[in-house]
Amino acid sequence: MPELPEVEVVRRGLERWVAHRTVADAEVLHPRAVRRHPAGGDDFARRLQGYRVGVPSRRGKYLWLPLADSGQAVLAHLGMSGQLLVQPHEAPAEKHLRVRVRFADALGTELRFVDQRTFGGLSLHDTSPDGLPDVIAHIARDPLDPLFDDEAFHRALRRKRTTVKRALLDQSLISGVGNIYADEALWRSRLHYDRPTAALTRPRTAELLGHIRDVMNAALAVGGTSFDSLYVNVNGESGYFDRSLDAYGREGLPCRRCATPMRRRPWMNRSSYYCPRCQRPPRVTP
DNA sequence: CGGACGCCCTGGCGGC
DNA sequence: TGCCGCCAGGGCGTCC
């Protein structure tokens, strides 16, 4: 379940192993992997040929490979189970190999997009003058972006008629936060997921943002979280931050602050993990 | 128009 | 043992 730290680990891997290489050819093995490219897999593959890959960028959970001197970029979203692997040509095809990109050099490696659940995908888009693919203009800056505006985020929360976890997962307000890091940051902030955002004070918002950044930086420092074998970084190496999680997946286990058994509640077709003592629900459920 | 929710997809796993 | 249903969940289309 790649969120911002995992995607950033992948981006760094691509910068190391793929940047500045020229595409020889590409191959799309599953149409759903390029469903955001309306002209289809063959067209997608053909349009990459001959272009040199620039330095990979990221915003939230999206990452993209600029194609030099084209005004375009290959946009990638890993969804829930997507992986970008750099593999030797002769490595056997992964069971869920969806796209393969070969390069016009003698390094002997190729880029592979592998995705079991096919929620992720690749697509090709025009970029705006600042380099951002046009289709993700609506994605907010992420909390590790130096240009993220804390004050504007606070004002947006105050304006919204919604609850705090919904807001954290709203990629148009703040990007890169998924279910795992939302629960972790809320636990650190002693905030219940159903707290209305309109009541958050400026110090509470600042504290929440601080915890989001802390937990993401901690995950980055150890190479991203891996909850199961589905997430593997660009070199095929699993992260191991899951050992440090304080909330996510800890139903029934003692809260690391107060020892009260942690709870799991169904929430928006997924789960929220929280401590019933440290994270008190709002008096009136909105 | 903003907020809420259903759907897309596959495989592991628990229960019967 | 085999089968069924649940669960994981990001993003977007659609509905109210």
Side-chain angles (χ1 to χ4, degrees), chain A residues 1-8 10 28-38 58-64 75-84 93-99 113-123 125 132-140 142-143 155-186 193-199 212 216 224-232 238-239 242 245 247-252 263-273 285-286:
Chain A
M1 302 141 208
E3 300 180 27
L4 186 155
E6 293 77 17
V7 178
E8 174 59 17
V10 172
V28 176
L29 297 113
H30 194 300
R32 198 173 142 79
V34 293
R35 65 191 178 284
R36 291 185 79 173
H37 185 80
R58 182 189 55 72
R59 175 175 285 196
K61 302 171 206 174
Y62 282 94
L63 66 86
W64 63 93
L75 182 67
H77 196 292
L78 301 178
M80 288 183 55
S81 54
Q83 301 167 241
L84 283 164
E94 290 77 6
K95 184 176 180 189
H96 302 291
L97 178 61
R98 308 304 191 195
V99 180
F113 179 67
V114 177
D115 190 12
Q116 178 210 115
R117 293 177 212 175
T118 69
F119 275 51
L122 306 182
S123 47
H125 303 282
L132 194 72
D134 52 14
V135 295
I136 59 165
H138 67 291
I139 300 293
D142 61 64
R155 287 196 304 266
L157 291 183
R158 297 283 304 194
R159 202 164 51 233
K160 290 274 177 185
R161 292 295 172 267
T162 190
T163 51
V164 64
K165 185 167 171 183
R166 284 179 191 275
L168 291 182
L169 299 185
D170 183 342
Q171 305 295 301
S172 70
L173 290 178
I174 182 172
S175 67
V177 182
N179 202 39
I180 296 175
Y181 292 101
D183 280 1
E184 292 302 306
L186 290 170
Y193 55 88
D194 257 346
R195 288 277 296 272
T197 59
I212 291 169
M216 285 185 165
T225 298
S226 174
F227 202 68
D228 53 33
S229 60
L230 285 175
Y231 169 73
V232 185
S238 291
D242 53 291
L245 294 177
Y248 189 83
R250 289 182 47 82
E251 182 183 18
R263 286 188 188 164
R264 178 177 75 90
R265 285 285 177 274
W267 183 87
M268 291 279 294
N269 285 327
R270 56 198 74 180
S271 294
S272 278
Y273 297 89
T285 306

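Reminder, nothing fancy here: chain letters follow the sequence lines and each chain counts from 1.
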Nearest-nucleotide wise, let me know which of R270(A) and R98(A) is further upstream toward the 5' end of DNA chain B.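 Its nearest nucleotide lies further toward 5', so the answer is R270(A).
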Start at the 5' end of DNA chain B and walk down; is the nucleotide closest to N269(A) or to K160(A) reached first? K160(A)
How about D115(A) and H96(A): do any of their side-chain heavy atoms sit closer than 4.5 Å? no
Among [options], find the nucleotide with the atom closest to the side chain of [X].
X	options	result
R32(A)	dA8(C), dC9(B), dG10(C)	dC9(B)
Y62(A)	dC9(B), dC12(C), dA8(C)	dC12(C)
K61(A)	dG10(C), dG3(B), dC12(C)	dG10(C)
M268(A)	dA8(C), dC12(C), dC5(B)	dC5(B)
R36(A)	dC12(C), dA8(C), dG10(C)	dC12(C)

So what does [X] hit on the nucleic acid, given a heavy-atom distance under 4.0 Å: a base, only sugar-phosphate, or nothing?
X	answer
H30(A)	nothing
R264(A)	sugar-phosphate
R35(A)	nothing

Could you tell me if R264(A) and S271(A) have a donor-acceptor pair between their side chains, going purely by distance under 3.5 Å? yes
Flag for S175(A)-K61(A): side-chain donor and acceptor within less than 3.5 Å: no
Ignoring hydrogens and geometry, is there a side-chain-to-backbone donor-acceptor pair from R158(A) to K160(A) under 3.5 Å?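 It does not hold such a pair.
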Short question: side chain of R32(A), backbone of T118(A) - any donor-acceptor pair under 3.5 Å?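 Answer holds: yes.
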Using whole Å, report how far [atom1] of [X] lies from [atom2] of [N].
X	N	atom1	atom2	result
I139(A)	dG11(C)	CD1	C1'	8 Å
R159(A)	dG2(B)	CZ	C1'	12 Å
W267(A)	dG10(C)	CH2	P	9 Å
D115(A)	dG11(C)	CG	P	13 Å
L4(A)	dG11(C)	CG	P	11 Å
H138(A)	dG11(C)	NE2	C1'	8 Å
D142(A)	dG10(C)	CG	C1'	16 Å
Q171(A)	dG3(B)	CD	C1'	16 Å

Below 4.0 Å: OP1/OP2 of [N] and any side-chain N or O of [X]:
X	N	value
Q116(A)	dC9(B)	no
R166(A)	dA4(B)	yes
H96(A)	dC9(B)	no
S81(A)	dT10(B)	no
K95(A)	dT10(B)	no

Walk me through whether D183(A) and K165(A) qualify under salt bridge (charged side-chain N to carboxylate O under 4.0 Å, His left out). CA-CA 8 Å; D183(A) 280 1; K165(A) 185 167 171 183; 2.7 Å; yes
With a 3.5 Å cut-off and heavy atoms only, can you find an N or O donor on one side and an acceptor on the other between the side chain of R117(A) and the base of dG10(C)?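 No.
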